[in-house]
Amino acid sequence: MGNPLYDRLFGIHAGKDTPFLHLPDGQTLTHAAFLDQAAQIANALNGFELEPGDRVAVQVEKSPEALALYAACAQTGLIFLPLNTGYTTAELSYFIENSGAALVVCDAAKEKGLAPVAAAQNARLETLNANGTGSLMRRALGMLPAFEPVRRSEDDLAAFLYTSGTTGRSKGAMLTQENLLSNAQTLVQEWRFTQDDVLLHALPIFHTHGLFVATNVVLASGGSMIFLPKLDLDDMLRLMPQATSMMGVPTFYTRLLGDDRFTGDLAQHMRLFISGSAPLLTETHERFQGRTGHRILERYGMTETNMSTSNPYDGERRAGTVGFPLPDVELKVTDPDTGETLPQGEIGMIEVRGPNVFQGYWQMPEKTAAELREDGFFITGDLGRMDQDGYVHIVGRGKDLIISGGYNIYPKEVELVLDDQPGVLESAVIGVPHPDFGETVLGLLVAETGQKPDPEAILANVQNTLARFKHPRKLIMLDELPRNTMGKVQKNVLRDRFKDLFTTG
Ligand code: MLC
Ligand code: AMP
């Protein structure tokens with residue numbers, strides 16, 4: 001039985017002096033050196049007396065050591081729970097408590113704030129900094145670089161990723177080893193990744209895209225990555241000549257196109273550009289092809305399902321579509337009210353089923369039951385249709401969700417914070433088009449009678465509560481919110497009214 005996740009992604013590279021991580025300073029870490037480091041961390045984790053299945057909540061900057069911690073969790077059977085580096089201590093407290101994390105690993109800068117949270121949870125607290133220092137690595141460095149992986153099966157949980165909820169409470173999506181492995185192996189085939197690939201990796205590694213799509217695909221294929229801490233155009237342009245492939249959210253592509261140094265010549269040798277996590281505008285797709293000759297391959301997925309569809313590697317990559325369901329993934333478009341499958345071509349709710357689909361939300365049986373049908377189909381909340389050639393089009397969202405630069409923001413969570421601000425009677429938070437982030441957050445406020453809330457002061461107030469990427473880019477006062485006859489706020493009216501706020505003038 002072994003430990004399929006560890007064996008098939010990491011163990012297959014044991015002893016190989018092949019490159020795995022190319023760092024921006026020119027250093028290269030081999031597979032063998034990376035696995036040695038992972039084994040040392042696994043030995044350190046082993047000394048913390050954790051049990052397989054325990055959650056390890058990790059909020060650290062992107063670094064080789066952070067990735068080695070992921071490998072070490074796989075090796076020790078611990079559940080890896082990565083968290084956005086932008087989350088505030090208030091947000092982190094929820095994830096740590098809700099998951100019942102037994103170990104919290106954070107940057108030293110966050111240690112003081114998190115100490116009481118970890119203590120309340122009886123969780124151990126260790127640090128890991130961007131440069132690979134910290135208490136965890138101090139301990140790991142004294143350990144043997146070998147560790148016998150803990151036995152696990154494909155049905156065992158490997159990771160929790162928290163996804164925000166429509167009610168404002170985040171939900172921990174439980175992913176098994178099989179969920180991750182099956183998807184990685186499918187994508188290697190579909191996108192023709194091999195050991196000769198060098199992926200330009202500038203995504204964060206706390207989300208599905210950067211971790212389970214990009215990293216797992218590279219691991220499963222035996223290729224290497226140019227591992228950049230974040231999207232930095234200077235680094236990207238400097239290092240692209242050494243890459244064969246790139247994955248990014250649409251903002252990566254609009255930023256590249258916005259830079260004159262990004263020429264067709266620079267991209268000529270590249271094999272593949274992939275986009276996902278948010279809609280890629282047809283206009284971006286066409287401009288990219290005009291500049292480079294490459295047609296970006298767009299795919300669709302989510303935290304709960306990993307990847308579900310992809311445009312073809314060979315064959316037409318159709319702009320404005322997310323391609324076909326992946327092998328082993330069933331996709332249907334249903335009537336959102338009845339759940340009945342609709343005829344091909346009609347717009348409805350996208351539902352998916354397959355080995356990629358998660359097991360449910362941690363300790364939230366009602367929410368799981370509401371979204372994951374007994375027959376295994378997951379109700380994605382995305383509205384779409386399948387055209388006559390089988391290409392899936394995402395046409396909107398049935399869920400009240402904003403996607404800004406590939407990060408998801410649930411308006412309810414922001415509204416709850418705005419409603420609490422002095423002088424505010426009520427608020428509505430919507431997503432409006434934005435040239436850089438695709439969509440951005442706009443807050444509309446109604447004042448209590450006789451009050452004059454100060455938008456600047458409110459924006460300053462939300463700093464400690466909400467991660468920066470969730471902050472409204474602007475707050476606008478309204479006399480009242482538009483409502484329908486049922487009293488429900490008509491967000492479509494607001495979205496229409498403010499749609500040009502950031503894109504013109
Ligand atoms: C950073 N900021 C953002 C932001 N990213 N604000 C809104 N939306 C975002 N996405 C904040 C910064 O804190 C900063 O605050 C200000 O906005 C401007 O920062 P920046 O320097 O322009 O941002 P940058 O660091 O360049 O980051 C932008 C980005 C990054 C788009 C490169 O957000 C990114 O890498 N996004 C990828 C997200 C991702 O991996 N999503 C996949 C989810 S998985 P200040 O204080 O300076 O104003 C998924 C499933 C699937 O969806 O299908 O893949
Ligand atoms: P997350 O919860 O962060 O995993 O975000 C998943 C959501 O991102 C999906 O439910 C979609 O709404 C959106 N998404 C991902 N890929 C695409 C895409 N290619 N086009 C449009 N939306 C996408």
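In listed order, ligands and their atoms are each counted from 1.
- Each of the following atoms of ligand 1 lies closer than 4.0 Å to a heavy atom of Leu231: 32 (C).
- Residue contact annotation: Pro204 has a non-hydrogen atom under 4.0 Å from ligand 1.
- In this structure, Arg299 has a heavy atom closer than 4.0 Å to ligand 1.
- Looking from atom 10 (N) of ligand 1 to the surrounding protein, the closest heavy atom is Ser404 O, 2.8 Å.
- Protein heavy atom nearest atom 21 (O) of ligand 1, with residue, atom name and distance: Lys230 NZ, 4.1 Å.
- For Arg8 and Phe10, the positive end is not near the middle of the six-membered ring at less than 6.0 Å and at most 45° from its axis.
- Atoms of ligand 1 found under 4.0 Å from any heavy atom of Leu203, numbered from 1 in the order shown, are 40 (O).
- Taking a distance limit of 4.0 Å, we find that atom 19 (O) of ligand 1 is approached by no protein heavy atom.
- Taking atom 11 (C) of ligand 1 as the reference point, the nearest protein heavy-atom neighbour is Arg473 NH2, 3.8 Å.
- Heavy-atom proximity to atom 24 (P) of ligand 1, evaluated over His209, Glu304, Arg255, is greatest for Arg255.
- Side-chain N/O atoms of Asn183 and Thr186 include no donor and acceptor closer than 3.5 Å.
- With Tyr410 as the aromatic partner, Arg169 does not meet the cation-pi criteria of under 6.0 angstrom to the ring centre and within 45 degrees of the ring axis.
- Within the structure, the closest approach of His471 to ligand 1 does not fall below 4.0 Å when heavy atoms are considered.
- Heavy-atom contacts from other residues, nucleotides or ligands closer than 6.0 Å to CG of Asp260 number 12 or fewer.
- Atoms of ligand 1 found under 4.0 Å from any heavy atom of Gly406, numbered from 1 in the order shown, are 38 (C), 39 (C), 41 (N), 42 (C), 43 (C).
- In this structure, atom 1 (C) of ligand 1 lies nearest to the protein heavy atom Phe437 CZ, 4.5 Å.
- Closest to atom 5 (N) of ligand 1 among all protein heavy atoms lies Tyr407 CE1, 3.9 Å.
- Atom 12 (C) of ligand 1 has its closest protein heavy atom at Arg468 CG, 4.1 Å.
- In this structure, Lys171 is not positioned above the aromatic face of Tyr162 in the sense of NZ or CZ being under 6.0 Å from the six-membered ring centre and within 45° of the axis.
- Contacts of Thr334 classified as side-chain contact (heavy atoms from CB on, under 4.5 Å), with partners at least two apart in sequence or in another chain: Lys332, Thr341, Met349, Glu351.
- For atom 47 (O) of ligand 1, the protein comes within 4.0 Å by no heavy atom at all.
- Contact atoms of ligand 1 toward Gly301: 53 (O) (distance under 4.0 Å to a heavy atom of the residue).
- With sequence neighbours excluded, the residues that form a side-chain contact (heavy atoms from CB on, under 4.5 Å) with Lys499 are Pro433, Asp496.
- Summary of contacts: the protein heavy atom closest to atom 49 (C) of ligand 1 is Ser277 OG, 3.6 Å.
- Protein residues with a heavy atom under 4.0 Å from ligand 2 are Ser277, Ala278, Pro279, Glu298, Arg299, Tyr300, Gly301, Met302, Thr303, Val322, Asp382, Arg397, Lys399, Ile403, Asn408.
- Taking the side-chain contact (heavy atoms from CB on, under 4.5 Å) definition, one finds that Glu298 meets it with Leu280, Asn311, Val322, sequence neighbours left out.
- Atoms of ligand 1 lying under 4.0 Å from any heavy atom of His207, numbered from 1 in the order shown and given with element: 43 (C), 44 (S).
- Summary of contacts: the protein heavy atom closest to atom 36 (N) of ligand 1 is Gly405 O, 2.9 Å.
- Asp375 and Arg373 are not joined by a salt bridge, as no carboxylate oxygen comes within less than 4.0 angstrom of a charged side-chain nitrogen.
- Within ligand 1, the atoms closer than 4.0 Å to a non-hydrogen atom of Thr251 are 31 (C), numbered from 1 in the order shown.
- Here the options are Leu326, Thr305, Val352, the test is side chain to side chain contact (heavy atoms under 4.5 Å, CB included), and the partner is Leu331; only Val352 passes.
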